[in-house]
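So the structure is just underneath, and the comments pick up after that.
Just so it is clear, the values below take in all heavy atoms, side chains as well, and ignore hydrogens, waters and symmetry mates. Order of appearance sets the numbers: ligands from 1, and atoms from 1 within every ligand. The chain is numbered in sequence order, starting from 1.
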Amino acid sequence: MLIFTTVQALKKYLKSQKQLRKKIGFVPTMGALHQGHISLIKQSLKRSQLTVCSIFVNPTQFNDPEDFKKYPITLESDINHLKKAGCHVLFAPSVKEIYPQGLSAKKSPDFGFLAETLEGEHRPGHFAGMAQVVERLLRITTPDLLFMGLKDYQQQLIVNELIKKKKLPVKLIACETRREKDGLAMSSRNVRLSPTDRKNALGLSKALKLAVKLYKSGKELSVVNDAVTAELKRNKAIGLEYFEIRNASTLKTPKRRNEKLVALIAAQVGGVRLIDNMHLN
Ligand code: AMP
């Protein structure tokens with residue numbers, strides 16, 4: 001696996017690969033890689049000829065400076081995971097390399113409601129920072145295919161909008177959420193959970209599974225919503241930020257139960273902020 005830390009060297013290499021007409025697949029990450037990330041790498045390996053992974057903990061998308069400080073950094077083990085998976089290129093730039101002009105200018109398109117609701121409400125500025133870095137990384141790596149996880153449901157909808165608004169010549173492939181055997185969605189933040197918190201964190205995927213079950217049994221959306229919210233509130237170890245059933249494309253509150261629906265949840269468990277989601281139909 002080739003490792004690049006500068007934009008210039010990476011661009012030069014990718015230009016040579018493009019001349020060979022290789023289809024480039026790109027997997028942007030913030031490192032602390034787990035099997036969820038590796039599943040994206042594997043998708044990219046299957047569907048393109050050159051897989052580029054980036055590891056960059058983007059300061060502009062953290063609304064909470066403590067969260068940024070505590071974000072796990074495990075570069076050596078990440079490199080081993082990527083090599084084992086067969087990834088071709090790792091791009092691991094410094095903050096200065098990505099933001100030569102400094103961090104202040106946050107330019108990203110206006111995504112309207114899509115970026116204002118849910119995560120947008122609870123993490124002000126997060127999506128502007130995320131869109132800023134994704135656009136920058138896409139312009140550097142010029143991939144044909146971009147692989148992102150449905151785990152960050154709202155993020156992949158917004159990146160799709162970004163691609164449309166900026167007319168970027170790339171196709172987003174949204175990949176299924178990888179889970180631990182017991183159902184917990186894999187996340188870099190899970191390493192910060194104590195054994196007790198790890199058990200409590202299961203409450204999130206359990207709540208989502210309950211929502212799917214109640215919905216499939218024919219219950220009205222308000223009934224599903226109330227039952228799941230009540231169940232979540234019973235568990236005092238879960239600091240619920242939101243549980244919502246929304247239209248899967250617009251994230252608007254659904255008017256009918258036969259729309260394509262997704263249930264989304266965010267909660268604090270033992271001081272760690274976790275998110276998860278599941279389609280209902
Ligand atoms: P992150 O490093 O958390 O920014 O995530 C990098 C990419 O991996 C994003 O597109 C995430 O949606 C995706 N991802 C994170 N966790 C999972 C998971 N459990 N399953 C599949 N993809 C994931």
Could you tell me the separation between the CG atom of Leu202 and the CG atom of Asp182, rounded to the nearest 0.5 Å? 4.0 Å

To the nearest 0.1 Å, how far is atom 4 (O) of ligand 1 from its closest protein heavy atom, and which atom is that? Met30 CG, 3.6 Å

Among His34, Glu176, Glu180, Gln35, which one puts a heavy atom closest to atom 16 (N) of ligand 1? His34

No-hydrogen, no-angle side-chain donor-acceptor test under 3.5 Å, Asn58 and Tyr99: yes

N/O to N/O below 3.5 Å, does that happen between Leu150 and ligand 1? no

If we count only N and O atoms by modelled type, under 3.5 Å, do the side chains of Asn225 and Ser222 hold a donor and an acceptor together? no

Within a distance under 4.0 Å of any heavy atom of Thr177, pick out the atoms of ligand 1 and give their elements. 19 (N), 20 (N), 21 (C)

Under-4.0 Å heavy-atom contact with ligand 1, by part of Arg179 that carries it: neither

Do the side-chain N and O atoms of Tyr153 and Thr177 include a donor-acceptor pair separated by under 3.5 angstrom? no

Atom 10 (O) of ligand 1: closest protein heavy atom, distance to 0.1 Å, is Gly149 N, 2.9 Å

Ignoring hydrogens and angles, state whether a donor on the side chain of Lys23 or Gln49 is under 3.5 Å from an acceptor on the partner side chain. no

Measure the distance from atom 3 (O) of ligand 1 to every protein heavy atom, then report the residue, atom name and distance (to 0.1 Å) of the closest one. Tyr71 OH, 3.8 Å

Looking at Thr29, Asp152, Asn190, the heavy atom closest to atom 14 (N) of ligand 1 belongs to Asp152

The protein heavy atom nearest to atom 5 (O) of ligand 1 is His37 NE2, 3.4 Å

If you have a sec, work out which protein heavy atom is nearest atom 20 (N) of ligand 1 and how many Å separate them, to one decimal? Arg178 N, 2.8 Å

Would you please indicate if the ring centroids of Phe56 and Phe91 are separated by under 6.0 Å? no

Against heavy atoms of Met186, which atoms of ligand 1 measure under 4.0 Å? 16 (N), 17 (C), 18 (C), 19 (N)

Centroid-to-centroid, Phe111 to Phe127, below 6.0 Å? no

How about Ile265 and Leu232: do any of their side-chain heavy atoms sit closer than 4.5 Å? yes

Within-4.5 Å side-chain heavy-atom neighbours: Ile41 and Phe147: no

Heavy-atom distances under 4.0 Å decide this one: backbone, side chain, both or neither, for Ala32 against ligand 1? neither

Distance to 0.1 Å, residue and atom name: give those for the protein heavy atom nearest to atom 13 (C) of ligand 1. Leu40 CD1, 3.7 Å

I need the nearest protein heavy-atom contact for atom 6 (C) of ligand 1: residue, atom name and distance, please. Pro28 O, 3.3 Å

